[in-house]
Amino acid sequence: MIPAVNLAEKLSQFSEHWSPKIVGGFNGHDLMVVKAKGEFVWHSHPDTDDFFLVLKGRLRIEMRDGSVTMGPGELFVVPKGVEHRPVAEEETEILIIEPAGTPNTGDPETAVTKKSI
């Protein structure tokens, strides 16, 4: 039997920021947890939406025409092709869902290699 995934336990296994860790998958999508602090790079995903669910802390998604701020239990989906930059003033824990293989920067050349934990 496949065990349930404990997100808090998975998040306790690493400390680096902006380095998504794959904790599961479904229908060709990666389920990832990430710790965020500071500003990520401006980027877009031309072929896929970007799903963010805040587990702990606060996350602001800046877009060229405005921003959205979320706290624990809140989610936001950045539509495909929209340039955005996640910003976390304090360490923030996030669940991200993306099609498997989607580069976190929108560019395979600059993307972090995602690892399963």
Side-chain angles (χ1 to χ4, degrees):
M1 186 161 176
I2 299 171
V5 175
N6 183 309
L7 296 179
E9 187 273 326
K10 295 292 187 182
L11 283 154
S12 74
Q13 294 182 26
F14 64 97
S15 60
E16 63 267 30
H17 297 128
W18 304 115
S19 182
K21 307 298 184 209
I22 300 168
V23 297
F26 79 102
N27 296 330
H29 287 70
D30 288 332
L31 302 173
M32 298 171 287
V33 290
V34 64
K35 290 183 179 180
K37 187 172 182 184
E39 299 174 348
F40 196 59
V41 298
W42 281 99
H43 68 286
S44 65
H45 303 275
D47 300 316
T48 183
D49 299 331
D50 217 355
F51 174 98
F52 296 87
L53 171 64
V54 175
L55 304 171
K56 179 181 174 185
R58 296 195 62 75
L59 182 69
R60 183 174 69 249
I61 304 290
E62 296 179 345
M63 295 162 283
R64 297 298 182 182
D65 62 352
S67 65
V68 174
T69 301
M70 299 167 289
E74 295 181 309
L75 67 85
F76 183 73
V77 177
V78 178
K80 68 180 174 182
V82 173
E83 193 174 20
H84 60 284
R85 174 176 71 168
V87 178
E89 302 297 329
E90 62 188 63
E91 186 171 81
T92 299
E93 297 175 351
I94 309 162
L95 175 72
I96 298 173
I97 302 174
E98 295 178 334
T102 299
N104 68 331
T105 60
D107 179 357
E109 297 290 322
T110 59
V112 171
T113 300
K114 298 174 189 171
K115 298 177 184 173
S116 295
I117 58 171

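Since the structure is predicted, the reported quantities are computational estimates derived from the model, not experimental observations.
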Heavy-atom closest pair, residues [X] and [Y]:
| X | Y | value |
| --- | --- | --- |
| Glu90 | Gly57 | OE2-CA, 3.5 Å |
| Gly71 | Val54 | O-CB, 3.3 Å |
| Asp49 | Lys80 | OD1-N, 2.8 Å |
| Pro20 | Val34 | N-CG2, 3.9 Å |
| Ala88 | Ala36 | CB-O, 3.7 Å |

Q) When you look at Glu62 and Glu39, which way does the side chain to side chain contact (heavy atoms under 4.5 Å, CB included) test go after all the steps? A) CA-CA 10 Å; Glu62 296 179 345; Glu39 299 174 348; 5.7 Å; no
Are [X] and [Y] in one and the same hydrophobic cluster, where Ile, Leu, Val, Met, Phe, Trp and Tyr link if side-chain heavy atoms are under 4.5 Å apart?
| X | Y | answer |
| --- | --- | --- |
| Leu31 | Phe14 | yes |
| Ile117 | Leu53 | yes |
| Val33 | Met70 | no |
| Ile22 | Ile94 | yes |
| Leu59 | Val68 | yes |

Q: Might you work through the side chain to side chain contact (heavy atoms under 4.5 Å, CB included) test for Met32 and Lys21, ending with a clear yes or no?
A: CA-CA 5 Å; Met32 298 171 287; Lys21 307 298 184 209; 6.0 Å; no
Kindly compute the distance separating [atom1] ([X]) from [atom2] ([Y]), expressed to the nearest 0.5 Å.
| X | Y | atom1 | atom2 | value |
| --- | --- | --- | --- | --- |
| Ile96 | Leu75 | CD1 | CG | 12.5 Å |
| Lys35 | Leu55 | NZ | CG | 11.5 Å |
| Arg85 | Phe40 | CZ | CZ | 11.5 Å |
| Lys56 | Leu7 | NZ | CG | 13.0 Å |

Q: Return yes if some donor-acceptor pair links the side-chain N/O of Thr92 with the main-chain N/O of Arg58 below 3.5 Å, else return no.
A: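 Yes, because the side chain of Thr92 sits within donor-acceptor range (under 3.5 Å) of the backbone of Arg58.
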Q. Is there a donor-acceptor contact under 3.5 Å from the side chain of Lys10 to the main chain of Val5?
A.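 No: the side chain of Lys10 does not pair with the backbone of Val5.
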Q) Once the angle between the rings of Phe26 and His29 is folded into 0 to 90°, is it parallel (under 30°), tilted (30 to 60°) or perpendicular (over 60°)? A)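 Judged by the thresholds at 30° and 60°, the geometry between Phe26 and His29 is parallel.
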Q.
Can you tell me how the ring of Phe52 sits relative to the ring of His84, calling it parallel under 30°, perpendicular over 60° and tilted otherwise?
A.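 Rings of Phe52 and His84: perpendicular, as their planes differ by over 60°.
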Q | Step-by-step side chain to side chain contact (heavy atoms under 4.5 Å, CB included) determination, Val78 to His45 | A | CA-CA 9 Å; Val78 178; His45 303 275; over 6 Å; no
Q: Would you mind checking if Lys37 and Glu91 are paired as a salt bridge, meaning a charged N to carboxylate O distance below 4.0 Å?
A: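 No, no charged N to carboxylate O under 4.0 Å.
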Q: Mind running side chain to side chain contact (heavy atoms under 4.5 Å, CB included) on Val87 and Arg60 for me, showing each step along the way?
A: CA-CA 5 Å; Val87 178; Arg60 183 174 69 249; 3.3 Å; yes
